[in-house]
Each structure stands twice: as structure tokens, then as C-alpha cells.
Trainee: 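Starting off with a structure, shown below.
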Amino acid sequence: MSIKVLFFSHDSKLGDAIVNTAFVAGLKRLDPACEIHATVAGVTDAFWAQDARVARRWTYAIRSWKHAIQLALALRRERFDYIVTWLRPRSEKNKLLLWLARPGRVIDLDEFNRGPVQHKVAACREALAQMGRRCDGELAYDVRAEARCAQLDAAFASGQEVIVVNLFAADAERNVSLADAVTLVRGLHAQAPDAALCLPCCGAHEAQAREVVAQSGVGEVVSCEGNLARLFRLCQRADLVVSPDTAVVHIASAFDRPVIGIYQNNGIKPVQWGPRSRASAIVLSKSAQTLDGFSIAEVLLHARHLRAASDTREPATA
């Protein structure tokens, strides 16, 4: 008998959603007849809408008591065998939602999260194991989102090297400072003067990205506001991606592009959210809270080595 599973993805975090494609892919491989649902909000709604493995999306963007109760009662009618929350719910609304939804079992990974720090892919494996679906071999990201953008492709010469430098994250403490960004972009341009140097951004960071280009004198701003396909294609097309801990690291990893991740030096984030590409490197800041003091020279050294390691021009389209 096939099972029905719901997992939480209403945190509006694209990076988390990409990691959770490993869970979806693993579950479908182990139980092809299973029915998978997800709670969604914001960008995760658009992301999972493109994944046919998710049978239904439940919008949970408005966190009012009324909406929580309405959603919970609707979920209850579905009679889920499992609801995967990933973390033990702290919100009273989420607790009420789960109580009213009454799944066969809630998977919150509380005990697992008390153990040694592991990559979030390990949490996907643990969720499957707690559902009685133990998997052999490595779990991997398996993104089904659209990654085609003719306008973006037309901007690059055939065979041109593309270096993507993301400077921004959802939290300001993970943003690269203006001074460091200018130095980094100049250094990458000096190393690869013929490469297309792209700075992706959302609308909220576009002015900052343009200031980096203005001060450094190199680079092109690529606005991906409301356009997931452009962001995904840019990462897929990249010969090298440099980024702080944000969704861009995971998108590039999903396409197995060379990645340099810049992380806070706290012993947790680099382990939990590190890149999964076969060719990757991590550079740590001097701070546990911010990216202050990360070594630009170290980033440039890794960039030189990753670029020289193999010919990564123009990967196959998805």
C-alpha cells in the first residue's frame, strides 16, 4: 500500500527547498507509488510548482490562527501517513496545525539534530529512515526547476567562460561587504580577463550590485528578481560560482558546477550547508557571526585551482 507524505517547505527559503529535493528523490526512488505533498510559501511555491513529484502544494504564507486551523482541517482530510517538519515546531500555530492534522506520525528529527553536526542531506536520509525507507548510497540534490533562459544565453559568446559572483544573502551578516566585493571582483577579473563576470541579485540588492560594478569597473549585474529560470540557468552555465552561504551554493551544487562557498567561522554552517559539487572549496571568515575577515586571497587561490582543474565550459542543459 502506497503512503502519503507531507513535508514542510513554507519557510520561503529556496536553499532549503533545493536540499530537500534529495528527500523527494530518495523517497520516490524507494517508494515510487508514494504521494508527496508540501506546505509552501513565497519562492518555495514557485520552486515546487515545477516538480511533478510533488502531487500537491499547500500554501501557508499567511500565518494567522484562522488560516492555520483551516489548513490543518484540510490536511486532516488527506489522512497523511507522515508529516515531516524537519525541526520540532516552536510556533503555537504550527503545533496546533499538527495536532489538528493528525498524521500517522510526525517526523521532526529532534533527536537527530541533537547529535553531531552533519550536512542537511543527512537529515533527508534520517527522515527517510524514520519512515522505514532506509536508503543505500549517497543522496543527491535532484532539481526539476526550469533552467532555460535564451536571453541570458544570448549574452555570452560561444564557449565563453562564465564566473558567477553572488555577494548577497537573506541575512545581512552573510553579505559580502562593498570593499571586499570590489577587491574580489577585480581579483577575479585579473585572473580571468576574458570571462563574463556576472553578479546575480534580487531587486532589494540591485543597487548594491551596481555600486560594486561601478567601483570595480568590471562585471555585469544580472537581476533575477521574480525569475527563477534565469537564476538557475546562470548557475548551470557557470564555470565557477563564488557565493556566501545562500541558495546559489545549492543551485550550483545541484548542477555540479565548481563552487567556492564563503562561510561564517562557527563550525556549524560550513558543515550543514556546504557545497555538494565534486569540485568545491570553503573559505571561512574570522567571525562566527559575519563574513568579516574572510581571505580574498584564499578565494582567488581556490578559483585559480578550480579553473585549472578541468575544462568546465558550457555544461549540458537540463
Side-chain angles (χ1 to χ4, degrees), residues 3-24 27 34-110 113 120 123-124 127 143-146 168-175 201-206 223-232 245-248 250-251 273:
I3 61 170
K4 184 182 285 189
V5 179
L6 172 82
F7 68 93
F8 278 10
S9 189
H10 58 259
D11 58 3
S12 299
K13 295 181 178 179
L14 180 58
D16 290 34
I18 293 164
V19 172
N20 289 340
T21 62
F23 169 78
V24 171
L27 182 55
C34 71
E35 184 177 326
I36 304 176
H37 295 220
T39 57
V40 297
V43 70
T44 63
D45 190 4
F47 177 77
W48 290 115
Q50 298 182 60
D51 196 324
R53 296 169 300 188
V54 175
R56 183 169 179 180
R57 307 181 321 281
W58 299 84
T59 302
Y60 191 30
I62 304 171
R63 311 289 172 80
S64 67
W65 285 103
K66 179 180 179 181
H67 188 205
I69 292 171
Q70 289 174 335
L71 176 60
L73 294 177
L75 295 177
R76 182 172 181 163
R77 289 191 289 270
E78 295 290 329
R79 298 185 179 182
F80 287 103
D81 296 287
Y82 300 95
I83 292 182
V84 183
T85 65
W86 307 109
L87 300 172
R88 177 162 290 182
R90 290 176 291 180
S91 162
E92 293 302 319
K93 295 185 183 71
N94 282 346
K95 291 177 183 178
L96 176 65
L97 183 151
L98 291 171
W99 182 77
L100 289 174
R102 294 200 179 175
R105 183 179 173 190
V106 174
I107 308 293
D108 64 24
L109 304 185
D110 187 55
N113 289 320
K120 285 295 181 179
C124 296
V143 168
R144 302 296 173 89
E146 178 68 34
F168 311 107
D171 305 314
E173 61 267 22
R174 286 184 283 135
N175 288 348
C201 64
C202 61
H205 294 125
E206 186 169 351
S223 175
C224 298
E225 181 68 30
N227 195 330
L228 280 181
R230 180 179 295 164
L231 177 60
F232 276 71
D245 172 23
T246 190
V248 169
H250 306 304
I251 298 170
W273 302 104

Trainee: Which atoms form the tightest heavy-atom contact between V84 and A127, and what is the distance?
Mentor: CG1-CB, 4.2 Å

Trainee: Is any side-chain heavy atom of V43 less than 4.5 Å from a side-chain heavy atom of K13?
Mentor: no

Trainee: Suppose we screen for side-chain hydrogen bond (donor to acceptor under 3.5 Å, both in side chains). Which residues come up paired with E78, at least two apart in sequence or across chains?
Mentor: K4

Trainee: Any sub-3.5 Å donor-acceptor pair from Q50's side-chain atoms to A145's backbone N or O?
Mentor: no

Trainee: Can you confirm whether V143 sits close enough to I251 that some side-chain heavy atom of one is under 4.5 Å from a side-chain heavy atom of the other?
Mentor: no

Trainee: Under a 3.5 Å threshold, yes or no: a donor from one side chain and an acceptor from the other, between Y60 and N94?
Mentor: yes

Trainee: Looking at every heavy atom in both A247 and I18, which two are closest together, and how far apart are they?
Mentor: O-CD1, 4.1 Å

Trainee: Could you pull out the closest heavy-atom pair between E206 and S223, with the gap in Å?
Mentor: OE1-OG, 3.8 Å

Trainee: I want to check something: taking the side chain as every heavy atom from C-beta on, are E146 and F232 in contact at a cut-off of under 4.5 Å?
Mentor: no

Trainee: If you take all heavy atoms of L98 and P89, which pair is closest and at what distance?
Mentor: CD1-CG, 3.4 Å

Trainee: Mind running side-chain contact (heavy atoms from CB on, under 4.5 Å) on D11 and D16 for me, showing each step along the way?
Mentor: CA-CA 8 Å; D11 58 3; D16 290 34; 3.1 Å; yes

Trainee: Contact between F168 and V248 at the side-chain level, heavy atoms closer than 4.5 Å - yes or no?
Mentor: no

Trainee: Hey, could you give me the CD/CG distance between E92 and L97, rounded to the nearest 0.5 Å?
Mentor: 12.5 Å

Trainee: If you count every heavy atom of other residues, nucleotides or ligands that lies below 6.0 Å from L73 atom CG, does the total exceed 12?
Mentor: yes

Trainee: Could you tell me the separation between the CG atom of D81 and the CD atom of E35, rounded to the nearest 0.5 Å?
Mentor: 10.0 Å

Trainee: Do V54 and H37 pass the side-chain contact (heavy atoms from CB on, under 4.5 Å) test, and can you show the C-alpha distance, the side-chain angles, and the key distance before you say yes or no?
Mentor: CA-CA 5 Å; V54 175; H37 295 220; 5.6 Å; no

Trainee: What distance separates D108 CG from N113 CG, expressed to the nearest 0.5 Å?
Mentor: 8.0 Å

Trainee: Tell me whether N20 contacts the main-chain N or O of F23 through its side chain, where contact means a donor paired with an acceptor under 3.5 Å.
Mentor: no

Trainee: Within this structure, what is the OG1-CG distance for the pair T85 and L109, rounded to the nearest 0.5 Å?
Mentor: 7.0 Å

Trainee: Within the 4.5 Å heavy-atom criterion, are H10 and R63 side-chain neighbours or not?
Mentor: yes

Trainee: The criterion is salt bridge (charged side-chain N to carboxylate O under 4.0 Å, His left out); which residues satisfy it with D51, sequence neighbours excluded?
Mentor: R53

Trainee: Is the shortest heavy-atom distance from the side chain of W273 to the side chain of T246 under 4.5 Å?
Mentor: no

Trainee: Any side-chain to backbone donor/acceptor pair from S9 onto A17? Under 3.5 Å, distance only.
Mentor: no

Trainee: Starting at CD1 of I83, measure out to CZ of R102 and round the result to the nearest 0.5 Å.
Mentor: 12.5 Å

Trainee: Applying the ring pair (Phe, Tyr, Trp, His ring centres under 6.0 Å) test to F7, which of Y82, W58, W48, F80 qualifies?
Mentor: W48

Trainee: Which distance, rounded to the nearest 0.5 Å, do you find between the CG of L6 and the CD1 of I36?
Mentor: 10.5 Å

Trainee: Can you name the closest pair of heavy atoms from A204 and E225 and give their distance?
Mentor: N-OE1, 4.4 Å

Trainee: Using side-chain heavy atoms (C-beta onward) and a distance below 4.5 Å, is D171 in contact with R174?
Mentor: yes

Trainee: Are side-chain heavy atoms of V40 and F47 found at a separation under 4.5 Å?
Mentor: no

Trainee: Taking D45 first and then R57, would you say they form a salt bridge - that is, a charged N and a carboxylate O separated by under 4.0 Å?
Mentor: yes

Trainee: Provide the closest heavy-atom pair for A72 versus L100 in the form atom of the first, atom of the second, distance.
Mentor: CB-CB, 3.5 Å

